[in-house]
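Atoms within a ligand are numbered from 1 in the order they appear, just like the ligands themselves. Along the sequence shown, residues carry numbers from 1.
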Amino acid sequence: MILKNKKVLIIIGGGISAYKALDLIRLLKKNNVSIKTILTKSGKEFVTPLSITTLTKNKTFEDIFDKNSEAEIDHIALSRWADVIIVIPATANLMTKLSIGKAEDLATTVLLASNKDILLVPAMNVRMWLHKATQRNFKTLLDYGYNFIGPVKGEMACGEYGEGKMSSPRQIYAYLKSYFNKRNLVKNKNYKAVVTTGPTREYLDPIRYISNESSGKQGYEVALALNKLGIKTKLISGPTSLIFSKDLTIKKIVTAKEMMNEVKKTLPVDIAVCAAAVSDYKPINKNKNKIKKNISNIENIKIEKNPDILNYLSKNNKTRPKIVVGFSAETENVVQNSKKKIKEKYCDLIIANDVSTKEIGFNSDYNKVFIIDKNGKIKSIPKNKKSFIAASIAKIILDKLLMNDKNIN
Ligand code: C5P
């Protein structure tokens with residue numbers, strides 16, 4: 001039922017496991033899935049367009065320069081048509097091309113031009129899989145947001161045993177079922193999220209302000225990742241140099257007060273993620289003119305505490321989001337201090353990061369975090385790209401939300 005009328009674009013790569021794609025197609029067709037296929041040049045060495053078309057009842061696309069059916073093989077149209085794209089088998093060569101963004105044939109062009117979820121099903125000899133180059137590509141592709149099914153351990157076509165064996169058509173089928181199940185749930189529930197990010201600026205006069213080093217990158221990536229999971233996400237961002245994706249709803253603000261007002265306007269939401277580095281204090285008054293530099297003027301600057309947006313969200317009984325997530329930037333005792341913060345701030349999850357080094361955290365593209373829940377359960381994510389970390393955070397949030405709703409219903 002879940003798979004009925006879903007549109008799956010299957011890209012068949014050049015490996016001996018390509019024949020298993022035919023089994024997968026049969027399984028999916030039995031469940032009324034619509035299938036279109038792209039067969040790569042080397043894939044054609046293992047399976048024929050005729051056998052694929054016989055099973056899919058659709059043309060097998062091969063060439064990017066097919067003059068006879070130009071409209072039909074438009075790479076954008078193929079991607080637009082699909083609910084999801086699956087690459088089976090994802091060979092070491094294909095993974096390399098994807099990791100460097102090569103677009104040399106129909107398959108790689110579609111993959112580069114698509115904004116749909118892409119599932120890669122690797123299959124290769126164990127040493128090829130474990131080779132540093134392949135492992136580096138694997139990491140890069142995870143970071144780009146590709147999803148992997150397998151590989152698993154087992155005996156391979158070459159007679160060797162180890163990691164690199166392709167997941168079976170049954171395992172891929174089960175993955176797709178749970179993938180669409182989750183997507184359906186999210187769609188039906190019409191989940192909404194708000195994410196705050198970046199610094200805030202608290203002006204002393206027209207040109208001077210209190211602010212901090214935050215680049216807004218991590219919060220932005222979390223918003224993108226939630227959006228990608230099908231959750232309608234609004235990002236409220238302080239001043240940053242980020243170039244935002246058009247896929248997201250963005251509201252730019254400057255001060256903490258403006259951030260708070262925008263957050264309030266967005267309620268009710270199911271998820272709130274406070275990644276912003278809100279200035280703790282603000283001048284009580286903003287001077288109309290540039291403050292002259294005499295000591296009494298400086299001494300007369302009065303500051304007050306800014307409102308705590310995270311606290312407001314998590315303590316607000318009427319419109320409390322189901323999942324409230326805070327961030328904790330620490331320079332020492334990261335986990336211990338963050339566990340304290342989760343209690344003080346009444347949130348469900350806290351993302352703790354160590355900002356003691358320049359290499360990770362503020363301004364860097366990398367981060368290293370601990371995801372701590374209110375029961376004290378800790379998941380550590382070693383140093384990785386902020387986009388990768390964001391995808392892990394988004395998945396944990398969604399699973400918590402689905403679990404939460406299941407228990408309530
Ligand atoms: O107390 P501390 O500033 O360390 O807490 C950090 C967490 O609180 C972050 O999630 C941050 O976005 C949030 N916060 C907030 N409003 C403030 C201060 C912090 O939402 N005024």
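Put simply, the side chain of Met95 does not reach to within 4.5 Å of the side chain of Tyr146, judged on heavy atoms. Taking 4.5 Å as the limit, every side-chain heavy atom of Leu176 sits out of range of all side-chain heavy atoms of Val33.
Ranking protein heavy atoms by distance to atom 4 (O) of ligand 1, first place goes to Lys341 NZ, 2.5 Å. For atom 3 (O) of ligand 1, the closest non-hydrogen atom of the protein is Asp280 OD1, 4.0 Å. Atom 17 (C) of ligand 1 has its closest protein heavy atom at Val278 CB, 3.5 Å. The protein atom (non-hydrogen) at minimum distance from atom 16 (N) of ligand 1 is Ile309 N, 3.0 Å. Of the protein's non-hydrogen atoms, Phe327 O, 3.1 Å is the one closest to atom 9 (C) of ligand 1. The nearest heavy-atom contact from the protein to atom 1 (O) of ligand 1 is Lys345 NZ, 3.0 Å. Among protein heavy atoms, the minimum distance from atom 14 (N) of ligand 1 is reached at Asp308 OD1, 3.9 Å.
Applying the side-chain contact (heavy atoms from CB on, under 4.5 Å) test to Thr249 and every residue at least two apart in sequence or in another chain returns Lys234.
Using a cutoff of 4.0 Å between basic side-chain nitrogens and carboxylate oxygens, Asp348 and Lys322 are not scored as salt-bridged. Salt-bridge formation is detected for the pair Asp373/Lys400: a Lys NZ or Arg NE/NH1/NH2 atom is positioned less than 4.0 Å from an Asp or Glu carboxylate oxygen. Salt bridge Asp308/Lys345: present, at least one basic N to carboxylate O contact under 4.0 Å.
When Asn147, Asp117, Asp83 are each tested for a side chain to side chain donor-acceptor pair (under 3.5 Å) with Tyr179, only one passes: Asp117.
An N or O contact shorter than 3.5 Å links Cys274 to ligand 1 by distance. In terms of polar-atom proximity, defined here as any N/O pair under 3.5 Å, Pro307 does make such a contact with ligand 1.
The closest approach between Cys347 and ligand 1 stays at or above 4.0 Å for every heavy atom of the residue. Contact between Ala276 and ligand 1 is present, with at least one heavy atom of the residue lying under 4.0 Å from the ligand.
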Using a 3.5 Å cut-off and no angle test, enumerate the donor-acceptor pairs between side-chain atoms of residues 327-338 and protein atoms at least two apart in sequence or in another chain.
unit_1, atom_1, unit_2, atom_2, d
Ser328, OG, Glu330, OE2, 2.9
Ser328, OG, Ser338, OG, 2.9
Glu330, OE1, Asn337, ND2, 3.3
Glu330, OE2, Lys341, NZ, 3.3
Asn337, ND2, Glu332, O, 3.0
Ser338, OG, Val334, O, 2.6

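Lys286 forms a cation-pi arrangement with Tyr203, by the criterion of a distance under 6.0 Å to the ring centre and an angle within 45° of the ring axis.
Residue Gly326 has at least one heavy-atom neighbour below 4.0 Å for each of these atoms of ligand 1: 10 (O).
Residue nearest to atom 20 (O) of ligand 1, selected from Val273, Ile351, Leu313, Leu310: Leu310 (by heavy-atom distance).
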